[in-house]
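Working notes, structure below.
For clarity, every value in this text was computed on a predicted model and none was experimentally measured. In what follows, every chain begins at residue 1, and chains take the letters A, B, ... in the order their sequences are listed.
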Amino acid sequence: MVKGSTEVALAIMNVVAMVPCGSVATYGQVAKLAGFPKHARYVGTLLKNMDVNSHLPWHRIINGQGGISLSKLDDQGMNFQAALLMAEGIVLENGKVDLKRYQWRVAG
DNA sequence: GATCAGGCTCTAA
DNA sequence: ATTAGAGCCTGAT
């Protein structure tokens, strides 16, 4: 992962890695915190390339509407990401997350 | 080297 | 509040 990664990728996955458990962050937020408010798309593009071995909370990254853009479905017939989110105590309503309740707020 | 596509967001009507 | 168009950047072909 580190090899071939640009400073943008490093900054993004750095922010993603610091997202607290039980909270979610939007692509734009991660990109902005990373220092690249325009790289909202790249966040997804990057996480897409990331494997589960990345041990990064990529599942905590969702779009601005609190919805999951992924199409990956698990045995439960639901989004694989959604399952991970619920596993952290996050409640999904209508397949979406209440950003007002779970969106990650920067402590500092 | 150029072109196309993508897990998005912002601004305008 | 919803719909439509433009913008930014990288990865793959």
Side-chain angles (χ1 to χ4, degrees):
Chain A
M1 175 51 61
V2 180
K3 180 164 52 178
S5 298
T6 64
E7 65 175 319
V8 185
L10 292 172
I12 289 171
M13 76 177 192
N14 179 32
V15 175
V16 174
M18 67 187 290
V19 176
C21 180
S23 299
V24 297
T26 64
Y27 296 95
Q29 184 173 9
V30 173
K32 188 171 73 172
L33 290 171
F36 304 89
K38 315 297 186 180
H39 292 60
R41 301 189 81 169
Y42 182 51
V43 177
T45 302
L46 176 64
L47 270 54
K48 173 177 60 176
N49 285 298
M50 288 209 186
D51 279 337
V52 191
N53 296 324
S54 301
H55 76 76
L56 284 175
W58 62 271
H59 57 268
R60 291 178 196 158
I61 311 305
I62 56 181
N63 60 23
Q65 279 87 40
I68 299 174
S69 309
L70 280 171
S71 303
K72 256 329 196 185
L73 301 180
D74 67 349
D75 295 343
Q76 298 182 20
M78 56 195 291
N79 281 312
F80 187 74
Q81 184 171 1
L84 292 170
L85 292 175
M86 292 192 302
E88 299 193 349
I90 297 173
V91 178
L92 274 74
E93 295 183 1
N94 195 11
K96 290 184 179 178
V97 179
D98 283 354
L99 295 175
K100 291 180 173 286
R101 270 174 55 88
Y102 296 103
Q103 185 169 34
W104 174 38
R105 300 181 195 176
V106 183

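Atom CG in L10(A) sits about 17 Å away from atom P in dC9(C), given to the nearest Å. Put simply, NE2 on H39(A) is 13 Å from C1' on dG11(C), counting in whole angstrom units. For N49(A) and dC9(C), the CG to C1' distance is 14 Å, given to the nearest whole Å.
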Represent DNA chain C in dot-bracket notation, 5' to 3'. Only Watson-Crick or G-U wobble pairs with both distances under 3.5 Å count; pseudoknot-style crossings use [ ] and interstrand partners use |.
.||||||.|||||

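Shortest non-hydrogen contact noted between A82(A) and L92(A) is CB-CD2, 3.4 Å. Between I62(A) and G67(A) the shortest heavy-atom distance is CB-O, 3.6 Å. Taking every heavy atom of both residues into account, Q81(A) and I68(A) meet most closely at OE1-CG2, 3.1 Å.
Within the nucleic acid shown, I68(A) has no heavy atom closer than 4.0 Å to any nucleic acid atom.
Remark: Y102(A) engages no residue in a ring pair (Phe, Tyr, Trp, His ring centres under 6.0 Å) (not counting sequence neighbours). With sequence neighbours left out, the ring pair (Phe, Tyr, Trp, His ring centres under 6.0 Å) criterion links H59(A) to no other residue.
Place T45(A) and N63(A) on DNA chain B by their nearest nucleotides, and T45(A) ends up nearer the 5' end.
In this structure, the side chains of L84(A) and W58(A) come closer than 4.5 Å at one or more pairs of heavy atoms. Looking only at side-chain heavy atoms (C-beta outward), V8(A) and L46(A) stay at 4.5 Å or farther from each other.
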Pairs of donor and acceptor atoms involving the side chains of residues 9-35 of chain A, under 3.5 Å and at least two apart or interchain, shall be tabulated with distances.
unit_1: T26(A); atom_1: OG1; unit_2: Q29(A); atom_2: N; d: 3.1
unit_1: Q29(A); atom_1: OE1; unit_2: Q103(A); atom_2: NE2; d: 3.2
unit_1: Q29(A); atom_1: NE2; unit_2: W104(A); atom_2: O; d: 2.7

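Note on residues 94-108 of chain A: no pairs pass salt bridge (Lys or Arg N to Asp or Glu O under 4.0 Å), not counting sequence neighbours.
Between chain A and DNA chain B, the heavy-atom contact criterion of under 4.0 Å yields a 5' to 3' nucleotide range of dG6(B) to dT9(B).
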Below 3.5 Å is the cut-off: list the nitrogen or oxygen pairs between protein and nucleotides 3-6 of chain C, distance only.
none

